[in-house]
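It should be emphasised that the depicted structure is a prediction, and the values quoted were computed from it without experimental measurement. We use all heavy atoms of the structure for the numbers below, so side chains are in, but hydrogens, waters and symmetry mates are not.
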Amino acid sequence: MDVPEVATTIGGRALARAGLQSRSAFVLLAVVLLIRLPFLNQAIQGDDVYYLAGAEHAQIDPLDPNHVQYVFLGERVDLRGFPHPPFNAWFLGLLLAIVGDIREVPFHAAYILFSVVAALAMWSLAKRFSPHPLWATLLFLAVPAFVINGNSLESDLPFLAFWMAAVACFIAERWAWAAVAIMLAALSAYQAVFLTPILAVYLWIYRRRDRTARLATLLTLVAPVTLLVLQLFERWYSGTLPVAVSAGYMSSYGLQTLANKLRNAAALAVHACFIVFPALLPGAILTARRRRGRETAFLAAWIALFFGGAAVLFFAGSARYLLPMAAPLVLLVSRLRPRWLALGFAAQLALSLALATVNYQHWDGYRRFARQIRPSTAGHRVYIDGEWGLRYYLEADGGLPLERGPTGQVLRAGDIVVSSQLAYPIAFTAPTASIAERPIRAALPLQLIGLQARSGYSTATKGLLPFDITAAPIDIVRAAIVLDRHPTLTYLPMNAPEASTQIVSGLYDVEGGAWRWMSGSAVVLLKSPAQAQPLEAVFTIPDPAPARHVDLLLDGRVVASETYSGPGAYTLKSPPQSPVRETASVTLTLDRTFSVPGDHRELGVVVSAIGFRQ
């Protein structure tokens with residue numbers, strides 16, 4: 001063969017490879033659009049509301065979007081304790097500034113960018129580590145958490161995109177791009193620190209005898225250095241270390257207890273088995289055992305390091321936590337024969353799209369309910385007893401989150417409370433009458449979370465299944481109008497059946513069948529006595545309680561006040577009182593409160609009874 005023939009042959013092969021690359025890229029883009037375009041109008045869901053709160057504050061304070069107070073589960077908290085760095089809030093803040101308002105379609109369209117980046121990075125890694133790079137990338141795109149959570153506005157997809165780009169650029173020795181991607185990953189999620197050991201293992205396996213790899217070694221430290229600089233900047237700018245605030249909330253809510261850690265690890269183990277279609281896993285494990293080369297060692301180390309870190313760092317056991325682990329698992333599975341990969345991809349994509357459809361219908365149910373009750377709530381104060389998308393859509397219509405404790409609202413007759421049985425409602429005692437109620441259902445008998453579902457897809461507290469099969473309602477939402485209170489007791493023991501309607505605020509659930517903890521201020525309504533009687537409060541100051549000064553108020557006026565020397569059982573009693581109205585408002589206030597690890601309540605003293613008594 002002469003030179004022209006050789007050149008022609010080589011050129012033909014190059015063109016063929018280029019054509020194959022183009023067709024593969026087209027297929028991957030088509031799949032990305034397939035799993036994203038049908039869900040562009042996805043309702044606001046899950047933790048979207050917290051990121052959007054940061055995005056809104058970014059319009060005022062772009063350097064620190066989380067430097068704002070926020071009501072979470074009925075408690076007013078510092079959003080700087082939100083356990084995510086600010087990149088996602090910044091990105092959403094930029095979209096908000098461009099679009100002018102929070103709109104589902106353009107926001108989700110913008111987030112497709114992160115799916116494309118993740119897909120391209122996976123394609124790059126697959127060409128390096130897989131005998132079937134196209135199938136490997138398609139399996140990655142069919143991962144349930146990628147399909148489902150990629151349709152949210154949470155930080156999961158931005159973080160995954162930067163994580164995948166960081167690994168792909170690092171392995172391709174594009175050092176500058178790798179550094180940028182690692183920094184962006186660190187600004188998206190704290191678990192970016194797991195890149196340090198994973199990339200260090202890669203260097204040890206492939207470059208440990210290469211003396212020119214010093215720059216690459218330094219790059220492995222970019223994530224922790226970025227997070228350290230971020231914390232120091234926040235300390236200088238706002239006076240607080242975000243990780244310290246977050247750690248405080250983790251302790252007060254008991255999120256890092258051993259029970260939560262064990263449940264988290266168990267749930268993550270279950271979710272790991274559903275990253276790819278489970279039937280492919282046995283063959284992939286056998287293939288990996290037979291091919292114990294450097295590629296297998298690195299991919300296995302990536303899986304082990306990330307899973308171990310996730311088991312230690314996280315507490316909820318959500319499937320989305322394992323997205324950065326999907327790539328190495330898929331790459332190991334992709335060594336199977338293409339026909340098995342095709343079957344696994346088809347089955348997994350069908351399951352993922354079905355679950356994404358159920359997820360869409362769940363959150364869309366809240367959006368529809370908010371629209372449904374809009375005419376009924378006009379002219380009323382509206383309070384939201386729940387979180388997630390229900391809260392977002394009602395807040396957009398002027399509603400306020402229901403608060404508990406001393407800062408909680410006193411509900412008045414005519415107020416409307418919209419509650420969700422699923423979305424962490426808080427207890428309140430005002431009598432209500434329902435004006436609208438709706439069960440949230442999906443067309444398919446699948447659930448990621450639900451009232452009766454045992455799925456731990458979002459949180460392991462709901463169960464350990466990756467999803468559940470049930471036709472029961474996902475949630476039941478209710479709008480109720482607050483009625484006038486008509487107290488029947490002049491003396492109210494904390495275990496009285498009437499207590500639920502006569503307690504206004506500041507008293508928690510009954511304990512020991514006889515008493516209740518109170519916060520810094522408790523309010524009850526009493527039936528006024530027919531003749532003047534002393535007003536009293538019976539309570540105990542436990543050993544750990546710092547409260548010493550107690551005031552008893554009748555209709556806003558102090559009628560008894562006392563300072564106590566230490567813990568003990570006490571009765572604070574006033575002179576005889578004659579309330580001017582048929583219903584008397586009684587308030588008990590303390591000078592100090594406390595809290596204990598694992599209990600996020602504000603605790604004051606233990607109350608046994610409040611009322612008029614001779």
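- How far CG of L603 is from CE of M518: 10.5 Å, rounded to the nearest 0.5 Å.
- The pair R581-D555 meets the salt-bridge criterion, since a charged nitrogen lies less than 4.0 angstrom from a carboxylate oxygen.
- Within the 4.5 Å cutoff, the side chain of D156 has heavy atoms near those of the N149 side chain.
- Other residues, nucleotides and ligands contribute over 12 non-hydrogen atoms within 6.0 Å of the CG atom of L262.
- The CZ atom of R485 sits 10.0 Å away from atom OG of S585, with the distance rounded to the nearest 0.5 Å.
- For F467 and Y457, the distance between ring centers is not under 6.0 angstrom.
- A cation-pi arrangement is found for K462 relative to Y424, the charged atom lying closer than 6.0 Å to the ring centre and inside a 45° cone about the ring normal.
- Classified by interplanar angle (parallel below 30°, tilted 30° to 60°, perpendicular above 60°), the ring pair F539/Y570 is tilted.
- D415 has its side chain out of reach of I481: every pair of non-hydrogen atoms, C-beta onward, lies at least 4.5 Å apart.
- Looking at heavy atoms from C-beta onward, V586 lies out of side-chain contact with L492 at the 4.5 angstrom threshold.
- In this structure, the side chains of L230 and P85 come closer than 4.5 Å at one or more pairs of heavy atoms.
- Electrostatic pairing of E234 and R80 does not count as a salt bridge here, judged by no charged N lying under 4.0 Å from a carboxylate O.
- Residues W388 and W363 meet the side-chain proximity criterion, which asks for heavy atoms closer than 4.5 Å.
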For this session: Could you walk me through whether L451 and L422 pass side-chain contact (heavy atoms from CB on, under 4.5 Å), step by step?
Result: CA-CA 6 Å; L451 293 172; L422 179 67; 3.9 Å; yes
Exercise. Can you check side-chain contact (heavy atoms from CB on, under 4.5 Å) on I476 and I440, steps first, answer last?
Worked result: CA-CA 6 Å; I476 297 175; I440 305 297; over 6 Å; no
For this session: Please step through side-chain contact (heavy atoms from CB on, under 4.5 Å) for the pair L590 and V605, ending with a clear verdict.
Result: CA-CA 8 Å; L590 311 174; V605 299; 4.0 Å; yes
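- The pair D47-R320 meets the salt-bridge criterion, with a side-chain N (NZ, NE, NH1 or NH2) lying under 4.0 Å from an Asp/Glu carboxylate O.
- Expressed to the nearest 0.5 Å, how far CG of L552 lies from CD of Q577 amounts to 8.5 Å.
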For this session: Could you walk me through whether D484 and H486 pass side chain to side chain donor-acceptor pair (under 3.5 Å), step by step?
Result: CA-CA 6 Å; D484 282 322; H486 298 287; 4.9 Å; no
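- The side chain to side chain donor-acceptor pair (under 3.5 Å) with Y491 is formed by just one residue from the set K527, Q614, E536, Q533; it is E536.
- No more than 12 heavy atoms of other residues, nucleotides or ligands sit less than 6.0 Å from atom CD of E582.
- Taken to the nearest 0.5 Å, the OG atom of S155 stands 10.0 Å off from the CG atom of L92.
- The side-chain heavy atoms of Y383 and L411, taken from C-beta on, include a pair separated by under 4.5 Å.
- The side-chain heavy atoms of D48 and E154, taken from C-beta on, include a pair separated by under 4.5 Å.
- Heavy atoms of other residues, nucleotides or ligands lying less than 6.0 angstrom from CZ of R548 number more than 12.
- For Y366 and Y393, the ring centers are positioned 6.0 Å apart or more.
- Atoms NE2 and OH, from H84 and Y51 in turn, are 3.5 Å apart once rounded to the nearest 0.5 Å.
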Exercise. Could you go step by step and tell me if S238 and T240 meet the side chain to side chain donor-acceptor pair (under 3.5 Å) rule?
Worked result: CA-CA 6 Å; S238 66; T240 300; 4.9 Å; no
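- Distance check: L390 CG to D385 CG gives 9.5 Å after rounding to the nearest 0.5 Å.
- Between Y360 and I148 there is no side-chain heavy-atom pair separated by less than 4.5 Å.
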